[in-house]
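All values derive from a computational prediction rather than experimental measurement.
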Amino acid sequence: MAVEELTRTERESWLSALKTWSLRDDEKAIQRKIEFENFREAFAFMTKVAMIAEKQDHHPEWFNVYNRVEITLTTHDAGEGGGLSLRDTKMAKAIDALVQ
């Protein structure tokens, strides 16, 4: 089932609210890099995000090396070839709540 992609105005509004996230160059995803004290903290964070992702049925693309986690949120069912949707902003807000 297709998900509605955010309009340019909606994207800009959400990005101003999600200050720790940046728009990917193709404007179809948002990204955030987070650094932790050590691998244990990074992995604990990823575990918490995984639990949220399962509840929301919306899973991030991510990359982890030692204490760094890079997260990309996009909705594969939005627009042509994927795009940014409210599902991504909801997930970003939940992730932000874990690290603030």
Please tell me if the side chains of Phe63 and Thr72 come closer than 4.5 Å, counting only heavy atoms from C-beta onward. no
Same cluster for Ile34 and Tyr66 if Ile/Leu/Val/Met/Phe/Trp/Tyr side chains link at under 4.5 Å? no
Distance check, rounded to the nearest 0.5 Å: Leu15 atom CG versus Ser22 atom OG? 8.0 Å
Is it the case that atom CZ in Arg24 sees more than 12 heavy atoms from other parts of the structure closer than 6.0 Å? yes
Residues that Phe43 engages under ring-ring contact (aromatic ring centres under 6.0 Å, His included), provided they are two or more places apart: Phe39
Shared hydrophobic cluster, Ile30 / Val3 (ILVMFWY, side-chain heavy atoms < 4.5 Å): no
Sub-4.5 Å side-chain heavy-atom contact between Pro60 and Met91: yes
Would you mind checking if Asp96 and Lys19 are paired as a salt bridge, meaning a charged N to carboxylate O distance below 4.0 Å? no
Apply side chain to side chain contact (heavy atoms under 4.5 Å, CB included) to Thr9 and list each qualifying residue two or more places apart in sequence or on a separate chain. Thr7
Determine which pairs satisfy side chain to side chain donor-acceptor pair (under 3.5 Å) with at least one residue from residues 44-60, sequence neighbours left out, and list them in order. Glu54-His59, His58-Asp88
With sequence neighbours excluded, what pairs up with Glu41 under the salt bridge (charged side-chain N to carboxylate O under 4.0 Å, His left out) test? none
Reported CG-to-CD distance for the pair Leu86 and Glu5, which is rounded to 0.5 angstrom: 11.5 Å
In the structure I gave you, are the side-chain heavy atoms of Lys90 and Ile52 within less than 4.5 Å of one another anywhere? no
If you count every heavy atom of other residues, nucleotides or ligands that lies below 6.0 Å from Glu35 atom CD, does the total exceed 12? yes
Point-to-point distance, once rounded to the nearest 0.5 Å, from CD of Glu10 to OG of Ser85: 10.5 Å
Checking Asp25 now: which residues fulfil salt bridge (charged side-chain N to carboxylate O under 4.0 Å, His left out) with it, not counting sequence neighbours? none
Any donor and acceptor pair, going by atom type alone, linking the side chain of Asn67 with main-chain N or O of Asn38 inside 3.5 Å? no
Can you name the salt bridge (charged side-chain N to carboxylate O under 4.0 Å, His left out) partners of Arg8, sequence neighbours left out? Glu27
From Thr20 atom OG1 to Arg32 atom CZ, the distance as rounded to the nearest 0.5 Å: 3.5 Å
Measuring from atom CG of Leu98 to atom NZ of Lys93, what distance do you get when rounded to the nearest 0.5 angstrom? 13.5 Å
Please report the C-alpha distance between Leu23 and Leu84 in whole Å, then the side-chain angles of each, then the deciding distance to 0.1 Å, and finally whether the side chain to side chain contact (heavy atoms under 4.5 Å, CB included) criterion is met. CA-CA 9 Å; Leu23 190 61; Leu84 199 57; 4.1 Å; yes
Cationic N near anionic O, under 4.0 Å, Asp26 to Lys28: no
Validation row: Trp62, Met46 side chains within 4.5 angstrom (heavy atoms): yes
Can you give me the closest heavy-atom contact between Val69 and Ala42, atom names plus distance? CG2-CB, 3.9 Å
Flag side-chain contact, heavy atom, 4.5 Å: Glu61 against Ile71: no
Nearest-0.5 Å distance that lies between atom CH2 in Trp21 and atom CD in Gln31: 9.0 Å
